[in-house]
Amino acid sequence: MSDKKKPRIQPRLFKGTRDSLPEDMIPRQRVLDVIREHAERCGFAPLMTPSIEHLDVLTGKYGSEAEHLIFRLAYKDGNTAALRYDLTVPLSRVMAMYPSLPKPFKRYQVQPVWRAEKPQKGRYREFVQCDLDTVGTTEMTADAEILALTAGVLGDLGLERFVMRVNHRMVLDALLDTAGIPKNLHVFVIRTIDKLDKVGDSGVREILLKGPSGGDGGITEDQADLLLKATGLTGSPADVLPEVRRMLGDHEGGVRGLSELSEVFSILSWLDVPEACYSFDMSLARGLDYYTGPVFETVVPELSLGSIAGGGRYDDLIGRFGKDAPAVGTTLGLDRIVVAMQELKLIQETKTATEILVCVVSPDQKSDAFKLGGLLRRSGVRTEVFLESASLKKQFTYANKTGIPYVGLLGADEVEKGVVTVKDLAKSEQTEVPRENLVHWIRARMEKVG
RNA sequence: GUGGGCGUAGCUCAGUUGGUUAGAGCGCUAGGUUGUGGCCCUGGAGGUCGGGGGUUCAAAUCCCCUCGCUCACCCCA
């Protein structure tokens, strides 16, 4: 009857959003488990904040470029609210609101953020971020700990060939000062340098010489030479630090930035972070306005999906809410990490967590099936008991499509003999297992698989 | 905001001088096999050809407008 009627509302997704079906969620949860484990192992505590904030809490923090990308909400009488753009600004608000929190305050937070961008490959309007931050200390130990934690997580996930690029905002500013670049061109120059990966030295040089308006008003040839020479200095800290120091001379901010970086790198070595996992990279800028000290960004060079993590020190951000506090943190791009792992074939496709489906062979055996299911579940075996009275064909089809590896059959014969017939769907092998051995039997097999 | 590509079944797509009732594969569903899935065979359901207007005896096909998706730039996870 009404089957014939078409639904009036077309099911569709809002631009830039997607559904995470079980096959997407299962690997994501695995990644999340690793992140959570590492975070708590290092003393980071969980935090959640609302998705919606007052608009003025968010504005003026990210810089004019990013500011357009804040998702604004209008509600009654022209009041304005917005969806959070990242997790760092909400944390800053929390720190300003609860001054009695013990310092240093270390927290991790996993929640979606929203950006009103035009979506494209690997970029969405809603995506999940996982942030790790330490508030309340200016010590570089905090910066280094966060980098080490990032490396630990990525290493544990099997992403071996990642590189954490590290730079320092003060060093960058010192470089521009040393080159004699006027303050009003700093933002332009830094943004241009950030494009090195894409357009290369010559492209960057061209843009720099032309200036922000594209005509003249750019920097001089000599300045461009100096900048490109400096940004070419990328690699092991032991090699690069001294050269940069020579280049920047006595510039006060430069000296301070370099000494902070060298401290960070020392601590990383104490923490046994392999040298191959990080580099000093003079070309790293980071777009967000609120960074004040070390900045970092993690990439997997063999993949072209942008950065999978990024962060830095933001000592002045919390102060804008009235209560000063230094802070440093990183964002792990949960979704992108999963993509990276998929592309590197580090995730075996799993559609279900269920280990065995207990079939209801006939209505008479319903109680036996559910009793067995209960027993298995109490023993920690992930068990489904088929909920409907249906043909075995249908029940097997369900197991097959869902990806459940084992099927248990408990009919009159089995009940009488005190066994369960278990079929391995992948191998198409079937055996009778005594009821009391079933838990052990499954455990042994599931562990072998992984 | 600026450019390019694409909209035909749930999905991936065929469908050229405009011409009967718009097709395939996959998926879904029922059966072949009433204690057994994946393979195979047979049947079934499922389409205002993105939407609107125009040209024409006739439009998925040609023209105009519009909406949507997508990729790139910008910026970023």
Side-chain angles (χ1 to χ4, degrees), chain A residues 3-4 6-7 10-18 62-70 85-88 110-131 150 187-188 190-192 194-195 197-199 203 207 212 285-289 296-300 304-311 330-340 357 359-365 369 386 389-415 420-430 432:
Chain A
D3 287 4
K4 280 274 179 179
K6 292 205 105 180
Q10 292 300 320
R12 68 216 142 107
L13 287 168
F14 186 71
K15 188 198 271 279
T17 66
R18 64 239 156 111
Y62 303 111
S64 60
E65 299 279 332
E67 188 117 348
H68 307 154
L69 302 180
I70 294 175
Y85 178 88
D86 68 1
L87 301 178
T88 305
V110 182
Q111 293 192 268
V113 302
W114 292 269
R115 297 184 184 180
E117 309 190 70
K118 268 199 177 176
Q120 52 188 272
K121 195 177 180 186
R123 301 176 61 188
Y124 296 89
R125 285 178 161 183
E126 177 186 70
F127 57 96
V128 176
Q129 286 197 330
C130 174
D131 270 31
T150 303
V187 172
F188 159 71
I190 284 175
R191 265 201 200 120
T192 307
D194 225 23
K195 290 177 196 162
D197 283 347
K198 285 186 181 165
V199 297
I207 301 171
R286 308 267 314 150
L288 297 180
D289 269 7
F296 23 87
E297 192 164 285
T298 304
V299 294
V300 180
S304 58
L305 50 82
S307 53
I308 56 173
T330 195
T331 295
L332 304 179
L334 186 59
D335 297 328
R336 279 197 182 168
I337 288 173
V338 172
V339 171
L357 172 72
C359 290
V360 177
V361 174
S362 78
D364 295 342
Q365 266 76 50
F386 203 78
S389 295
S391 64
L392 276 183
K393 179 186 171 77
K394 191 168 179 184
Q395 300 186 50
F396 267 74
T397 301
Y398 173 78
N400 192 50
K401 281 186 190 157
T402 314
I404 300 171
Y406 296 100
V407 171
L409 291 179
L410 194 55
D413 296 352
E414 284 88 352
V415 171
V420 178
T421 296
V422 184
K423 182 162 184 177
D424 178 330
L425 286 185
K427 290 184 187 160
S428 218
E429 286 170 5
Q430 187 163 309
E432 289 186 350

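Everything numeric in this text was worked out from a predicted model, so none of it was measured. Every chain is numbered from 1, with letters handed out A, B, ... down the list of sequences.
Two residues are said to be in side-chain contact when any heavy atoms from C-beta on lie closer than 4.5 Å; Thr298(A) and Thr150(A) meet this criterion. Considering only heavy atoms from C-beta on, Leu357(A) stays 4.5 Å or farther from Thr402(A) through its side chain. Looking only at side-chain heavy atoms (C-beta outward), Arg123(A) and Arg336(A) come within less than 4.5 Å of each other. Side-chain contact between Gln129(A) and Asp86(A): present, with at least one pair of heavy atoms (C-beta onward) separated by less than 4.5 Å. Using a 4.5 Å heavy-atom cutoff, the side chains of Thr331(A) and Leu87(A) are not in contact.
In this model, no side-chain donor or acceptor of Thr397(A) finds a partner on the base of G38(B) within 3.5 Å. In this model, a side-chain donor or acceptor of Lys423(A) finds a partner on the base of U36(B) within 3.5 Å. Side-chain to base pairing of Ser391(A) with G35(B): no donor and acceptor N or O lie closer than 3.5 Å to each other. The base of C76(B) has none of its N or O atoms less than 3.5 Å from a complementary donor or acceptor on the side chain of Arg286(A). The base of U36(B) does not come close enough to the side chain of Lys394(A) for any donor and acceptor atom to sit less than 3.5 Å apart. For Glu117(A) against A77(B), a side-chain-to-base donor-acceptor contact under 3.5 Å is present. Between the side chain of Asn400(A) and the base of G38(B), no donor-acceptor pair of N or O atoms lies under 3.5 Å. For Gln430(A) against G37(B), a side-chain-to-base donor-acceptor contact under 3.5 Å is absent.
Across A59(B) and G68(B), the matching C1' atoms stand 22 Å from one another, rounded to whole Å. Using P as the reference atom, G32(B) and G37(B) are 11 Å apart when rounded to the nearest Å. Only the C1' atoms considered, G7(B) is 12 Å distant from C13(B), to the nearest whole Å. Nucleotides G47(B) and A14(B) place their C1' atoms 15 Å apart, quoted to the nearest Å. When the C1' atom is compared between A60(B) and G15(B), the two are found 8 Å apart, to the nearest whole Å. Comparing the same atom, P, in G52(B) and in U48(B) gives a spacing of 12 Å after rounding to whole Å. A distance of about 11 Å separates the C1' atoms of G27(B) and U12(B), rounded to the whole Å. Look at the P atom in both G19(B) and U61(B): the space between them is 10 Å, to the nearest Å.
Protein atom CG of Leu13(A) is 14 Å distant from nucleotide atom C1' of U70(B), rounded to whole Å. Nucleotide C76(B) holds its P atom 11 Å from the CZ atom of Arg336(A), rounded to whole Å. Between the P atom of G38(B) and the OH atom of Tyr398(A) lies a distance of 17 Å, rounded to the nearest Å. In this structure, Gln395(A) places its CD atom 12 Å from P of G37(B), rounding to the nearest Å. The separation between Leu357(A) atom CG and U36(B) atom C1' is 12 Å, rounded to whole Å. Atom pair Lys401(A):NZ and G37(B):C1' shows a separation of 10 Å (rounding to whole Å applied). As rounded to whole Å, 9 Å separates atom P of U34(B) from atom NZ of Lys393(A). Remark: C1' of G4(B) and NZ of Lys121(A) are 17 Å apart, rounded to the nearest angstrom.
Note on Asp86(A): nothing from the nucleic acid sits closer than 4.0 angstrom, heavy atoms only. Heavy atoms of Glu414(A) sit under 4.0 angstrom from at least one base atom.
In this pair, Tyr62(A) and Tyr85(A) present their aromatic rings tilted. The plane angle is within the 30 to 60° band.
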Passes side chain to side chain donor-acceptor pair (under 3.5 Å), Glu126(A) versus Thr17(A)? Steps please.
CA-CA 6 Å; Glu126(A) 177 186 70; Thr17(A) 66; 5.9 Å; no

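Between Gly16(A) and Ile308(A), the residue anchored closer to the 5' end of RNA chain B is Gly16(A), taking for each the nucleotide with the nearest heavy atom.
Closest contact between the side chain of Phe396(A) and the listed nucleotides U36(B), A77(B), U70(B) involves U36(B). Comparing U29(B), C71(B), C75(B) by their nearest atom to the side chain of Arg123(A) picks out C75(B). Among the nucleotides U70(B), C71(B), A77(B), the one closest to the side chain of Lys15(A) is U70(B).
Using N1 to N3 plus N6-O4 or O6-N4 for Watson-Crick, or N1-O2 and O6-N3 for G-U wobble, each under 3.5 Å, G23(B) pairs with C13(B). If you check C73(B) for Watson-Crick or wobble pairing at under 3.5 angstrom, you find it paired to G1(B). With a cut-off of 3.5 Å on both Watson-Crick or G-U wobble distances, the partner of C6(B) is given as G68(B). Pair assignment for U48(B): none, as no Watson-Crick or G-U wobble contacts are both less than 3.5 Å. As the counterpart of A30(B), U42(B) is assigned, both hydrogen-bonding distances of the Watson-Crick or G-U wobble pattern falling under 3.5 Å.
The side chain of Lys118(A) places no N or O atom within less than 4.0 Å of a non-bridging phosphate oxygen (OP1 or OP2) of U2(B). The shortest distance between the side-chain N/O atoms of Gln120(A) and the OP1/OP2 oxygens of C73(B) is below 4.0 Å.
When the options Val113(A), Val338(A), Leu334(A) are evaluated for a side chain to side chain contact (heavy atoms under 4.5 Å, CB included) with Val128(A), the one that passes is Leu334(A).
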